[in-house]
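Quick caveat: nothing in here was measured; it's all calculated off a predicted structure. Protein chains get the first letters and strands the later ones, always in sequence-line order, with residue 1 at the start of each.
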There are 2 protein chains.
Amino acid sequence: MRDRESGYGSTGDREGCPVEYTLDVIGGKWKGVLLYHMIDGSKRFNEFKRICPSISQRMLTLQLRELEEDGIVHREVYHQVPPKVEYSLTEFGQTLTPIILLMKEWGKKYQQNSQCSIES
Amino acid sequence: MRDRESGYGSTGDREGCPVEYTLDVIGGKWKGVLLYHMIDGSKRFNEFKRICPSISQRMLTLQLRELEEDGIVHREVYHQVPPKVEYSLTEFGQTLTPIILLMKEWGKKYQQNSQCSIES
DNA sequence: CTCCTTAGTATACAAATTGATACTATACCA
DNA sequence: TGGTATAGTATCAATTTGTATACTAAGGAG
């Protein structure tokens, strides 16, 4: 999944599959949610932990790093103690918001057990 | 990922996260691609194998079965020899096409020169 | 001097997902 | 009798993903 830029050569079928490319960027287990919560402004590391208590620190770090690598997310470090790091969508990341919002709409509509109180 | 209906109880944070629900349905490694190729009509098992040569038979079966379980895909078995099975989007599955097509557009736009240029 | 904070890393391990290969059924064709 | 075709299963190995726990830095509070 993470080897987009390394070695497909001519054998891979990803070249002609834009849908798969997109899912590769936003399809990680937590990426969609993280992206979703960054739409309405930057978030700190511990804010994500509060929003999604079931994601572990390691996974949160890994997923944010991948989003950063892909140029989707900007990581702003404030050299303070205690440390402060803010994550926000880059200009490139903003181009994903229509997809995220459409996915939000679809999920809201068809998720049966919706006591969904999250509004952006 | 597959335990949506079984046991989150009150601890899970998925309840209020429509984006994650949607990604749970279409975010499997191959689901988006399969869905994408079903938009323009039903496809047979071996057609998918030809379209995505890098998906194994087992994965193809598993992903199609999950899509079927979720009511996204209809599986029509023709009792012939050699067997013939056709997969197509259900009416419910059709509701996903806007998302898939948006993902296709995004992927098409940014997959070649990822992170290089942002043009609208 | 020790504890608290944040935003992580490091390590070890467990679980889930994915892949490779071999195998099945059954009618037709020669 | 053997080969072809399709749509799968079965089995095991490898990879990926996730969890748990301990640890770091560095300033401020007590």
Side-chain angles (χ1 to χ4, degrees), chain A residues 1-4 6-8 11-14 20 23-34 37-38 42-69 73-88, chain B residues 1-4 6-8 11-14 20 23-34 37-38 42-69 73-88:
Chain A
M1 254 217 181
R2 287 280 93 203
D3 51 0
R4 266 191 322 282
S6 54
Y8 279 124
T11 49
D13 55 342
R14 268 88 161 193
E20 179 155 7
L23 275 173
D24 198 21
V25 173
I26 62 171
K29 184 160 185 183
W30 303 98
K31 288 182 188 175
V33 208
L34 300 180
H37 289 294
M38 271 180 285
S42 60
K43 292 272 173 299
R44 295 182 60 179
F45 192 82
N46 274 15
E47 282 188 88
F48 285 123
K49 285 213 296 182
R50 270 189 289 274
I51 295 166
C52 325
S54 53
I55 185 170
S56 66
Q57 286 196 334
R58 183 171 165 269
M59 273 303 107
L60 187 50
T61 305
L62 288 175
Q63 301 274 288
L64 286 168
R65 285 294 185 287
E66 289 192 358
L67 288 170
E68 202 193 343
E69 267 177 51
V73 154
H74 173 69
R75 182 166 171 266
E76 181 80 38
V77 182
Y78 297 85
H79 289 287
Q80 308 173 348
V81 169
K84 177 180 171 182
V85 178
E86 277 188 348
Y87 295 91
S88 56
Chain B
M1 258 215 181
R2 285 281 93 204
D3 49 0
R4 266 193 320 284
S6 54
Y8 278 125
T11 50
D13 55 343
R14 270 85 162 196
E20 180 155 6
L23 275 173
D24 198 22
V25 173
I26 62 171
K29 185 161 183 181
W30 302 98
K31 287 182 187 175
V33 206
L34 299 179
H37 289 294
M38 272 180 284
S42 61
K43 292 274 172 298
R44 295 181 60 178
F45 192 83
N46 273 15
E47 281 187 90
F48 285 122
K49 286 213 296 181
R50 271 188 289 273
I51 295 166
C52 324
S54 53
I55 184 170
S56 66
Q57 285 194 334
R58 184 168 163 275
M59 272 303 106
L60 187 51
T61 307
L62 288 175
Q63 301 273 288
L64 285 168
R65 286 291 188 287
E66 289 190 358
L67 288 170
E68 201 192 345
E69 269 177 50
V73 154
H74 173 68
R75 182 167 171 267
E76 181 80 38
V77 182
Y78 297 86
H79 289 286
Q80 309 173 346
V81 169
K84 176 181 173 183
V85 178
E86 276 188 350
Y87 295 90
S88 55

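Note on B:Trp30: every side-chain N or O is 4.0 Å or more away from OP1 and OP2 of C:dT17.
One atom, CG of A:Leu62, and another, C1' of D:dA20, lie 15 Å apart when rounded to the nearest Å. Atom-to-atom, CD of A:Glu66 to C1' of D:dT16 comes out at 11 Å; the value is rounded to the nearest Å. One can place CD1 of B:Ile55 at 14 Å from P of D:dA7, the figure rounded to the nearest angstrom. The separation between A:Asp24 atom CG and C:dT18 atom C1' is 15 Å, rounded to whole Å. A:Leu60 has its CG atom 16 Å from the C1' atom of D:dA20, to the nearest Å. For the pair B:Gln80 CD and D:dA5 P, the interatomic distance rounds to 16 Å; values are reported in whole Å. To the nearest angstrom, P of D:dA13 lies 17 Å from CE of B:Met59. Atom NE2 of B:His79 is separated from atom P of D:dA5 by 23 Å (rounded to the nearest Å).
For the pair B:Phe48/B:Met38, a side-chain contact is recorded, criterion being any heavy-atom separation below 4.5 Å from C-beta on.
Side-chain atoms of A:Glu86 do not come within 3.5 Å of backbone N or O of A:Ser42 as any donor-acceptor pair.
In this structure B:Arg58 satisfies the side chain to side chain contact (heavy atoms under 4.5 Å, CB included) test together with B:Ser56, B:Leu62, sequence neighbours excluded.
Residues B:Lys29 and A:Glu20 come closest through the heavy atom pair O-OE2, 4.2 Å. The two residues A:Val33 and A:Cys52 come nearest to each other via the heavy atoms CG1-SG, 4.2 Å. Considering all non-hydrogen atoms of both residues, A:Leu60 and A:Phe45 come closest at CD2-O, 3.6 Å.
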TODO: For each nucleotide in nucleotides 2-9 of chain C, reading 5' to 3', give B when a protein heavy atom comes within less than 4.0 Å of its base, S when such contact involves only the sugar-phosphate, and - otherwise.
DONE: ---BBSBB
